[in-house]
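Structure, as structure tokens:
Just follow the structure's listing: the first ligand is 1, and inside any ligand the first atom is 1.
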Amino acid sequence: DYSHNNRVNRWNKNVITYSIGRYTSDLPHSTVDSLIESALSVWARASTLTFVRSRTQRADIMVEFATFEHGDAYPFDGAKGTLAHAFGPGEGIGGDAHFDDDETWTAGSKGFNLYLVAAHEFGHSLGLRHSQNPESLMYPTYKSTILLPQTWLESTLQPLNK
Ligand SMILES: CNC(=O)[C@@H](NC(=O)[C@H](CC(C)C)CN(O)C=O)C(C)(C)C
Ligand SMILES: [Ca+2]
Ligand SMILES: [Zn+2]
Ligand SMILES: [Zn+2]
């Protein structure tokens with residue numbers, strides 16, 4: 001529930017750019033692109049924000065997959081443990097979202113679901129902090145059962161069109 005925080009948009013603009021740098025080898029690039037786009041659309045629907053993909057290195061939200069030491073003060077820790085991190089709105093590293101590539105990233109229920117983790121990370125990119133509500137997208141622990149409207153819709157319709 002993102003309604004608990006009315007400070008979704010702490011950027012001083014409504015059009016936010018994003019770019020994707022290094023990819024994971026767990027998924028096709030096109031799948032990563034669509035999962036990232038879907039995760040951003042969760043926030044677009046919950047706010048007045050629009051996300052536009054940019055091919056330059058100057059995007060507001062730089063998305064990348066990395067392992068261990070990767071150029072910021074928060075090295076990743078290998079498989080499991082921390083899955084990803086993101087920085088609140090601001091210049092430079094502000095808004096950026098990094099994903100630990102020592103995890104197994106999936107589009108489904110195996111490994112860690114990139115769509116769910118990215119939706120959480122982009123909450124931070126927009127200035128949200130953690131929620132203590134276990135049902136919240138911003139809960140600090142990964143749960144593969146966080147059914148977002150889109151995921152709920154797909155899973156509900158799935159049996160119907162089997
Ligand atoms: C499975 N491992 C976990 O559940 C770990 N939690 C995470 O990696 C958080 C991301 C999840 C919620 C997508 C880190 N975070 O808050 C980033 O913004 C630990 C709880 C072990 C830290
Ligand atoms: Ca890790
Ligand atoms: Zn990082
Ligand atoms: Zn978090």
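- Contact annotation: K143 has no heavy atom less than 4.0 Å from any atom of ligand 1.
- Aromatic pair H124/H85: centroids not less than 6.0 angstrom apart.
- Under the 3.5 Å distance criterion, the side-chain polar atoms of Y142 are matched with a main-chain donor or acceptor of N113.
- Put simply, OG1 on T50 and NZ on K13 are 12.0 Å apart, with the number rounded to the nearest 0.5 Å.
- With the Zn ion (ligand 4) as the vertex, NE2 (H120) and NE2 (H124) define an angle of 100°, rounded to 10°.
- Of the possible polar contacts, none joining the D100 side chain to the L83 backbone as a donor-acceptor pair under 3.5 Å is found.
- The protein non-hydrogen atom at the shortest distance from atom 16 (O) of ligand 1 is H130 NE2, 2.9 Å.
- Between H124 and ligand 1, an N or O atom pair is found at a separation short of 3.5 Å.
- For ligand 1, the polar-atom distance check finds an N/O of H120 within less than 3.5 Å of one of the ligand's N/O atoms.
- Put simply, CG on D60 and OG on S19 are 9.5 Å apart, with the number rounded to the nearest 0.5 Å.
- Distances below 4.0 Å separate heavy atoms of Y139 from the following atoms of ligand 1: 12 (C).
- Ranking the protein heavy atoms by distance from atom 19 (C) of ligand 1 puts G81 O, 4.2 Å first.
- Summary of contacts: the protein heavy atom closest to atom 8 (O) of ligand 1 is L83 N, 2.8 Å.
- For H130, the N/O/S atom at the shortest distance from the Zn ion (ligand 4) is named NE2.
- Residue T82 approaches ligand 1 through these ligand atoms, each under 4.0 Å from one of its heavy atoms: 8 (O).
- Taking atom 14 (C) of ligand 1 as the reference point, the nearest protein heavy-atom neighbour is A84 O, 3.6 Å.
- Ring centers of H70 and F76: under 6.0 Å apart, within the cut-off.
- Side chain of Q132 to backbone of P134: no donor-acceptor contact under 3.5 angstrom is found.
- Nearest protein neighbour of atom 4 (O) of ligand 1, counting heavy atoms only, is Y142 N, 2.8 Å.
- Side-chain N or O atoms of W105 include none that pairs as donor or acceptor with a backbone N or O of F112 at under 3.5 Å.
- The six-membered or imidazole ring of F65 lies near that of F99, with a centre-to-centre distance under 6.0 Å.
- Cluster annotation: I16 and L35 are assigned to the same hydrophobic cluster (Ile/Leu/Val/Met/Phe/Trp/Tyr, side-chain heavy-atom contacts under 4.5 Å, transitive).
- Nearest protein heavy-atom neighbour of atom 9 (C) of ligand 1: P140 O, 3.5 Å.
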Practice problem: Tell me, with the steps shown, if H98 and D72 meet side chain to side chain contact (heavy atoms under 4.5 Å, CB included). | Solution: CA-CA 10 Å; H98 300 158; D72 59 28; 2.9 Å; yes
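- Not a single heavy atom of A86 sits under 4.0 Å from any atom of ligand 1.
- Excluding waters, the set of protein N/O/S atoms under 3.0 Å from the Ca ion (ligand 2) reads D77 OD1, G78 O, K80 O, T82 O, D100 OD2, E103 OE2.
- Separation of atoms CD1 (I61) and CD1 (I20) is listed at 11.0 Å; rounding is to 0.5 Å.
- Atom CD of E91 has 12 or fewer heavy atoms from other residues, nucleotides or ligands within 6.0 Å.
- Residue, atom and distance of the protein heavy atom nearest to atom 17 (C) of ligand 1 are E121 OE2, 3.0 Å.
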Practice problem: Please step through side chain to side chain contact (heavy atoms under 4.5 Å, CB included) for the pair Y115 and S38, ending with a clear verdict. | Solution: CA-CA 7 Å; Y115 167 78; S38 301; 3.4 Å; yes
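- Of all atoms in ligand 1, listed by their number and element, those nearer than 4.0 Å to a heavy atom of T141 are 4 (O), 12 (C), 20 (C).
- Counting only heavy atoms, the protein never gets under 4.0 Å from atom 22 (C) of ligand 1.
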